[in-house]
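Chain letters run A, B, ... following the sequence lines, proteins first and then strands; every chain starts at 1.
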There are 2 protein chains.
Amino acid sequence: MSDAPLQTVTNAARLLKAFLTREESLGVSELARRLGLGKSAVHRLLTTLAAEGLVEQDPHTGGYRLGLVVFELGEAVRVHMDLHAAAGSVLAHLREETGESTQVGMLDGHDVVYVDRLESSHALRLFTETGRRVPVHCTSSGKVLMAFAPEPVRERYLATATLARHTEHTLTDPDELRRALATVRARGWADAVDEREIGVASLAAPIRDARGVVVAAIGIGAPVSRFRAIPRKRLARTVVEAGEAVSRRLGWSEEAPLLEKES
Amino acid sequence: MSDAPLQTVTNAARLLKAFLTREESLGVSELARRLGLGKSAVHRLLTTLAAEGLVEQDPHTGGYRLGLVVFELGEAVRVHMDLHAAAGSVLAHLREETGESTQVGMLDGHDVVYVDRLESSHALRLFTETGRRVPVHCTSSGKVLMAFAPEPVRERYLATATLARHTEHTLTDPDELRRALATVRARGWADAVDEREIGVASLAAPIRDARGVVVAAIGIGAPVSRFRAIPRKRLARTVVEAGEAVSRRLGWSEEAPLLEKES
DNA sequence: GCCCGCGTTCCGGTGTGCGGAACGCTGCTG
DNA sequence: CAGCAGCGTTCCGCACACCGGAACGCGGGC
């Protein structure tokens, strides 16, 4: 958290994350500039990481890019998301039923990471990709995840997060957001219309693991135009049911809350 | 290359790779044992990596597992595989045509890493998963990739790799493998029957990028029983054509070899 | 209760990683 | 063609960041 010793490792981690910008490949000098480190330090980091296969050097340009081992590690993470197995067919069913793009997201810090998705078959579709990171406060998935997060987590988020304004509809006041989250918690689903990007709407519901803890959110995203055409209540019901279907596959049963743990 | 200074970073990398065993979560002591490091060192590594989101601690067991950032990074790698976009529909077409599981693999060191795949619809199917690592010398994809690799790479591989025997049909003699690779190079495709596992057969062909360099292999895998039923020539032709289709999408044109582009 | 294992913390000495400067190279540009 | 301005790479010596070992509090099982 606050303390992160091993600055070399921290630098290595930051170096890797620099590649999240999805640029094809990055050079030593460029990286040194972005990280605020000396060229030699960056070069040493890169050769070390290259020896381990985490990055590789483009033999033509001399630049560096992420290595296949990183891909491999990423896939290893995916495997542990029983989520992936549990959500697969439900996502397909949800897309079929609504005709829109569907996603599964998990909370990581102040962001939502999409871990799975299926795209709408409409020509005008919401484009998402797995591994993409989006803010909590202006997405339906984010609101669901934060609404059902443990209170300390939620309060710390509200206290520390910068609620960046993306559009005129973005909730940027912590108190306002707190109230919105309470509503979400009460009714069991969240929506977000024009809050992150004008013209984009989404609706999401929670996914619970066997202990009943909300570990992910499932939702759909669509152009506002089509979104408006569907009765909100009905759509919410569909999405909530999808969330419950996934939860059930993860071992959650609504009747028998079994096991200790709050509630 | 051989020298990897920054041993802390090396340790961090090895630590991450320890999670490739796909165990749910690993403890500090266990990791310390596997890596041959002190507990305190491992603990420091883990807290540092956790601060960066590369690993996370299971609040219930106290153990550690890979974090969502790793997943994110993995997905970032996938994006750069134009391969992924190029191969998608071709994989589907190939599966439809052959009815068998299809994969795309890339060379990484002495291994092949599957970066994409589609499974057969047969009940008895070859099971693969993306991110999985398999040996070069006893797989059709591996043989294709090594056959078309630059000669120094190939020779170094033949000189240094340990050609582990998996079955009685595995090629374990470097000279024998060298001859096999020459054949592959000459005819443009490779097969492997009972070489990695009894009862499993596969056939693969190269994928070239815009410069004509072989960057990946596309292939199918099937039970030997079904494999035998299809005329080998015809099957090879189908797979080779699939490889050419992907290569064309990557900008490779057989007639007009390499061309300088952009600036 | 005991003990063994866990994850965590503390500390001091040493060997390691840092920044700065210099190298050879390539591709511009005048 | 010389000059230059980038690049990736290498070298070096001092400062201090990291390693190992030992000790802590805790929880679960003979």
Side-chain angles (χ1 to χ4, degrees), chain A residues 1-16 18-19 21 23-67 211 259-261, chain B residues 1-19 21 23-67 211 258-263:
Chain A
M1 244 190 244
S2 51
D3 55 353
L6 297 225
Q7 59 159 246
T8 310
V9 175
T10 304
N11 288 337
R14 289 179 53 222
L15 178 57
L16 289 176
F19 289 97
T21 59
E23 285 158 276
E24 176 60 32
S25 86
L26 293 169
V28 174
S29 308
E30 178 61 24
L31 286 165
R33 241 172 276 122
R34 293 196 195 180
L35 301 179
L37 296 175
K39 275 204 300 180
S40 59
V42 170
H43 181 255
R44 239 172 306 134
L45 283 168
L46 285 168
T47 51
T48 305
L49 291 171
E52 294 295 329
L54 293 181
V55 303
E56 56 189 30
Q57 188 168 22
D58 186 325
H60 297 281
T61 71
Y64 288 83
R65 57 167 174 256
L66 292 176
R211 292 190 306 275
L259 289 184
E260 30 46 281
K261 214 52 187 149
Chain B
M1 200 189 286
S2 54
D3 57 349
L6 297 225
Q7 58 160 248
T8 310
V9 174
T10 304
N11 287 338
R14 288 179 53 222
L15 178 56
L16 289 175
K17 289 200 217 164
F19 289 97
T21 59
E23 283 158 277
E24 177 59 32
S25 86
L26 294 170
V28 173
S29 307
E30 179 61 25
L31 285 165
R33 243 173 275 123
R34 292 197 197 181
L35 301 179
L37 296 174
K39 275 204 300 182
S40 60
V42 170
H43 181 257
R44 242 172 302 133
L45 284 169
L46 285 168
T47 51
T48 306
L49 291 172
E52 295 294 329
L54 293 181
V55 303
E56 57 191 29
Q57 188 167 21
D58 185 324
H60 296 282
T61 71
Y64 288 83
R65 57 172 118 88
L66 292 177
R211 293 191 306 274
L258 74 114
L259 179 63
E260 218 58 19
K261 62 186 298 192
E262 76 187 49
S263 52

Starting at atom CG of A:L31, determine the distance to atom C1' of D:dG6, rounded to an integer number of angstrom. 15 Å
Donor-acceptor pair under 3.5 Å: do we get one between A:T8's side chain and the base of C:dG17? no
Does B:T47 put a side-chain nitrogen or oxygen below 4.0 Å from OP1 or OP2 of C:dT8? no
Short side-chain N/O contact from B:H43 to OP1 or OP2 of C:dT8, under 4.0 Å: yes
Quick check on C:dT8: is either OP1 or OP2 less than 4.0 Å from any side-chain nitrogen or oxygen of B:Y64? yes
Map B:N11 and A:S29 onto DNA chain D by nearest heavy atom, then report which one ends up closer to the 5' terminus. A:S29
Quick check: does any side chain N or O of B:R14 sit under 3.5 Å from a backbone N or O of B:L35, one acting as donor and the other as acceptor? yes
Both B:R33 and B:R44 contact DNA chain C. Which one's nearest nucleotide lies toward the 5' end? B:R33
Just do the side chain to side chain contact (heavy atoms under 4.5 Å, CB included) check on A:L46 and A:L15 with the steps written out, would you? CA-CA 8 Å; A:L46 285 168; A:L15 178 57; 3.8 Å; yes
Taking atom P of D:dG8 as reference, at what distance in whole Å does atom CG of A:L15 sit? 12 Å
Got a second to check how far A:N11's CG is from B:T48's OG1, nearest 0.5 Å? 11.0 Å
Base of D:dG20, side chain of B:K39 - is there a donor-acceptor contact under 3.5 Å? no
Length of the line joining B:L45:CG and D:dG20:C1', which is rounded to integer Å: 13 Å
Any N/O donor-acceptor pair, B:S40 side-chain to D:dG21 base, under 3.5 Å: yes
Mind checking whether B:Y64 and B:E30 have side chains closer than 4.5 Å, heavy atoms only? no
Report the distance from atom CD of A:Q7 to atom C1' of C:dG17, rounded to the nearest whole Å. 8 Å
What's the CG-C1' distance between B:L6 and C:dT16, to the nearest Å? 9 Å
Output for pair (B:K17 NZ, A:L54 CG), nearest 0.5 Å, gives 6.0 Å
Can you see if the side chain of A:Q57 gets near the phosphate of D:dT9 - specifically, an N or O under 4.0 Å from OP1 or OP2? yes
Whole-Å distance separating the CG atom of B:L46 from the C1' atom of C:dT8: 12 Å
